[in-house]
Amino acid sequence: MITMIFVLSALNPDEMAHCIKNLSKYLKPGGHFLFRDYGRYDLAQLRFKNGRCLSDNFYARGDGTKVYFTTQDEMDKLFTDAGLEKVQNTIDRRLQVNRARKLKMYRVWIQCKYTKPLTN
């Protein structure tokens with residue numbers, strides 16, 4: 001099993017396919033690839049100021065790290081192009097409320113589960 005939680009979004013979008021293809025080589029047939037990361041239009045994306053966007057949906061944070069906000073379709077293409085089969089690919093939308101600061105935060109995450117076929 002391979003688990004990637006908020007990892008892929010830190011890569012340049014041009015490197016994501018290569019990363020998934022390389023990691024999928026380590027899965028045994030029937031093995032699972034679990035993924036969770038930022039979805040398009042997450043609060044974190046909407047808060048970025050002008051000048052932080054490096055390319056479409058790819059941003060630089062104040063500390064120099066990078067973050068990409070993805071879609072279900074993009075993830076499905078990356079995983080299926082790597083030879084994996086979809087088990088689950090969902091959007092997790094949540095409203096988080098900070099009662100002390102009276103803030104509503106609309107969060108969006110993509111959550112996926114793909115498996116390596118038993119036969120190639």
Side-chain angles (χ1 to χ4, degrees):
M1 180 182 305
I2 295 173
T3 304
M4 291 183 74
I5 300 174
F6 300 104
V7 173
L8 207 56
S9 62
L11 298 178
N12 186 310
D14 298 333
E15 299 169 351
M16 290 180 184
H18 181 72
C19 175
I20 292 173
K21 283 180 186 174
N22 278 342
L23 287 173
S24 67
K25 293 176 190 175
Y26 295 99
L27 278 176
K28 292 180 182 178
H32 297 291
F33 203 125
L34 307 177
F35 169 85
R36 183 175 175 95
D37 225 316
Y38 297 104
R40 191 81 38 95
Y41 308 117
D42 179 63
L43 176 69
Q45 180 180 17
L46 302 177
R47 283 183 164 171
F48 277 106
K49 309 254 189 284
N50 290 335
R52 292 284 181 190
C53 187
L54 302 173
S55 63
D56 287 343
N57 304 299
F58 189 48
Y59 297 83
R61 292 185 170 128
D63 63 1
T65 59
K66 314 255 183 326
V67 62
Y68 182 76
F69 297 88
T70 191
T71 65
Q72 286 176 281
D73 292 339
E74 287 175 327
M75 288 300 104
D76 191 55
K77 180 164 178 28
L78 288 173
F79 285 107
T80 55
D81 285 355
L84 302 172
E85 296 175 347
K86 178 170 58 174
V87 176
Q88 176 188 13
N89 183 330
T90 60
I91 296 178
D92 183 2
R93 288 188 172 97
R94 295 188 187 207
L95 170 62
Q96 294 180 332
V97 179
N98 182 326
R99 292 186 182 114
R101 294 176 59 196
K102 296 184 178 158
L103 287 175
K104 289 183 180 179
M105 299 172 286
Y106 296 93
R107 304 309 309 259
V108 181
W109 298 291
I110 305 295
Q111 187 166 297
C112 303
K113 181 178 181 181
Y114 285 79
T115 190
K116 189 169 192 172
L118 293 174
T119 58
N120 285 341

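- Residues L78 and M4 share a single hydrophobic cluster, defined by chaining ILVMFWY side chains whose heavy atoms lie under 4.5 Å apart.
- For the atom pair CZ (R94) and CG (L43), the distance works out to 15.0 Å, reported to the nearest 0.5 Å.
- In this structure, R36 contributes its side chain and Q111 its backbone to no donor-acceptor pair below 3.5 Å.
- For D56, the CG atom sits in a loose shell: 12 or fewer heavy atoms of surrounding residues, nucleotides or ligands are nearer than 6.0 Å.
- K104 places no side-chain N or O within 3.5 Å of a backbone atom of L95 that could act as its donor or acceptor partner.
- With a 6.0 Å radius and a threshold of 12 heavy atoms from other residues, nucleotides or ligands, D63 has its CG atom above the threshold.
- Atom CG of D14 and atom OH of Y68 lie 9.5 Å apart (nearest 0.5 Å).
- Remark: the backbone N or O of N89 is paired with a side-chain donor or acceptor of Q72 at under 3.5 angstrom.
- In this structure a side-chain-to-backbone donor-acceptor pair under 3.5 Å is present from T115 to G31.
- Tested against M75 for a side-chain contact (heavy atoms from CB on, under 4.5 Å), the candidates T70, D37, T80 yield a single pass: T70.
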Q. So F33 and Y114, ring-ring contact (aromatic ring centres under 6.0 Å, His included) or not? Walk me through it.
A. CA-CA 5 Å; F33 203 125; Y114 285 79; 8.1 Å; no
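- Remark: H32 NE2 to L27 CG distance equals 9.5 Å, nearest 0.5 Å.
- Looking only at side-chain heavy atoms (C-beta outward), F79 and K21 stay at 4.5 Å or farther from each other.
- Ring pair W109/F6 is perpendicular by interplanar angle, where above 60° counts as perpendicular and below 30° as parallel.
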**Q.** Audit row: F35, I110, side chain to side chain contact (heavy atoms under 4.5 Å, CB included) steps and yes/no
**A.** CA-CA 8 Å; F35 169 85; I110 305 295; 4.2 Å; yes
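- Here the side chain of T65 pairs no donor or acceptor atom with the backbone of R61 at under 3.5 angstrom.
- No side-chain donor from either of T71 and D73 sits under 3.5 Å from a side-chain acceptor of the other.
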Q) Run the side chain to side chain contact (heavy atoms under 4.5 Å, CB included) check on N57 and Q45 step by step: do they pass? A) CA-CA 8 Å; N57 304 299; Q45 180 180 17; 2.9 Å; yes
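- Under the 3.5 Å distance criterion, the side-chain polar atoms of N98 are left unmatched by any main-chain donor or acceptor of L103.
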Q. What do the steps show when you test I20 against L8 for side chain to side chain contact (heavy atoms under 4.5 Å, CB included), and what is the final call?
A. CA-CA 9 Å; I20 292 173; L8 207 56; 3.7 Å; yes
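- Residues Y106 and Y41 do not share a hydrophobic cluster, clusters being chains of Ile/Leu/Val/Met/Phe/Trp/Tyr side chains in contact below 4.5 Å.
- Linking ILVMFWY residues whenever their side-chain heavy atoms come closer than 4.5 Å, directly or via other members, places I5 and F69 in the same cluster.
- In the displayed structure, R93 atom CZ is contacted under 6.0 Å by at most 12 heavy atoms of other residues, nucleotides or ligands.
- Relative orientation of the Y59 and F48 rings is parallel, given thresholds of 30° and 60° on the angle between their planes.
- Looking at N12 and F58, their side chains come closer than 4.5 Å, going by heavy atoms from C-beta outward.
- The shortest non-hydrogen separation linking A82 to S24 is O-OG, 3.7 Å.
- When all heavy atoms of M16 and S9 are compared, the closest pair comes out as CE-CA, 4.4 Å.
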